[in-house]
Structures are given as structure tokens and as C-alpha cells.
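Shown next, in C-alpha cells, is the structure this report addresses.
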Amino acid sequence: MEIASSFTLGVQGLQQAHNDLAQATTAVAIPETLSSASLITADSVTLSSQAAALIDAQQAISHAEVAVDVINVWSENIGTIIDVSV
């Protein structure tokens with residue numbers, strides 16, 4: 001079993017957050033098409049779908065911030081190890 005470094009995990013988290021944000025913003029920008037027969041019902045569904053996509057976008061942003069924090073802590077720890085070793 002291999003344990004990934006925190007840098008690798010941070011980068012993977014940042015990439016996943018980027019993908020999630022792209023998917024969520026696309027869902028907001030391109031809403032589902034509505035049929036004219038069920039306009040009222042479809043409007044409610046579309047609004048809730050867009051609201052869910054906006055929530056997903058906010059979660060992706062939070063995940064990206066956490067991934068950046070992981071990368072920053074890794075960088076600080078590597079700097080500390082280098083300082084102590086020299």
C-alpha cells in the first residue's frame with residue numbers, strides 16, 4: 001500500500017474542485033429545456049436544479065480553498081525540513 005504525499009493529494013483535490021466547478025457552472029449557464037405543456041412544473045424543477053448547481057459551485061470553491069491550504073502547508077513543511085537539514 002502506498003501513501004500519497006500531501007502535495008499529490010492537494011493537487012488532486014484542486015483538480016477535482018476545478019472539474020466540479022466547471023460542471024456546476026455549466027449546469028447554471030445552460031438550463032434544462034422546458035416543454036410548453038408543463039411550463040409551471042418545469043419552471044420549479046429548473047429553478048431547483050439551478051439552485052442545486054449554485055450550491056455545488058460553492059462547495060467546489062470551498063474544496064479548492066482546502067486543497068490550496070493543503071498544498072501551502074506541504075510547502076511550508078518542506079521549507080522547514082530544508083532549513084533544519086542545512
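L21 forms part of a hydrophobic cluster together with I61, judged by ILVMFWY side-chain heavy-atom separations under 4.5 Å.
Atom CD of Q23 is surrounded by 12 or fewer heavy atoms from other residues, nucleotides or ligands within 6.0 Å.
Under the rule for a side-chain contact (heavy atoms from CB on, under 4.5 Å), the partners of L9 that lie at least two apart in sequence or sit in another chain are A4, Q12. With sequence neighbours left out, L14 forms a side-chain contact (heavy atoms from CB on, under 4.5 Å) with A64, A67, V68, I71. Residues meeting the side-chain hydrogen bond (donor to acceptor under 3.5 Å, both in side chains) test with S75, sequence neighbours left out: none. A search for side-chain hydrogen bond (donor to acceptor under 3.5 Å, both in side chains) contacts involving Q16 returns D20, not counting sequence neighbours. V73 is linked by a side-chain contact (heavy atoms from CB on, under 4.5 Å) to N77, counting only residues two or more places apart in sequence or in another chain.
Here the NE2 atom belonging to H63 is positioned 16.0 Å from the NE2 atom belonging to H18, to the nearest 0.5 angstrom. Here W74 contributes atom CH2 and D69 contributes atom CG; the two are 15.0 Å apart, rounded to the nearest 0.5 Å. With rounding to the nearest 0.5 Å, the separation of CD1 in I78 from OG in S5 is 8.5 Å.
Contact between A17 and A60 at its shortest, heavy atoms only, is CB-O, 3.4 Å. Residue A24 comes nearest to A53 through the heavy atom pair CB-O, 3.4 Å, listed as atom of the first residue, atom of the second, then distance.
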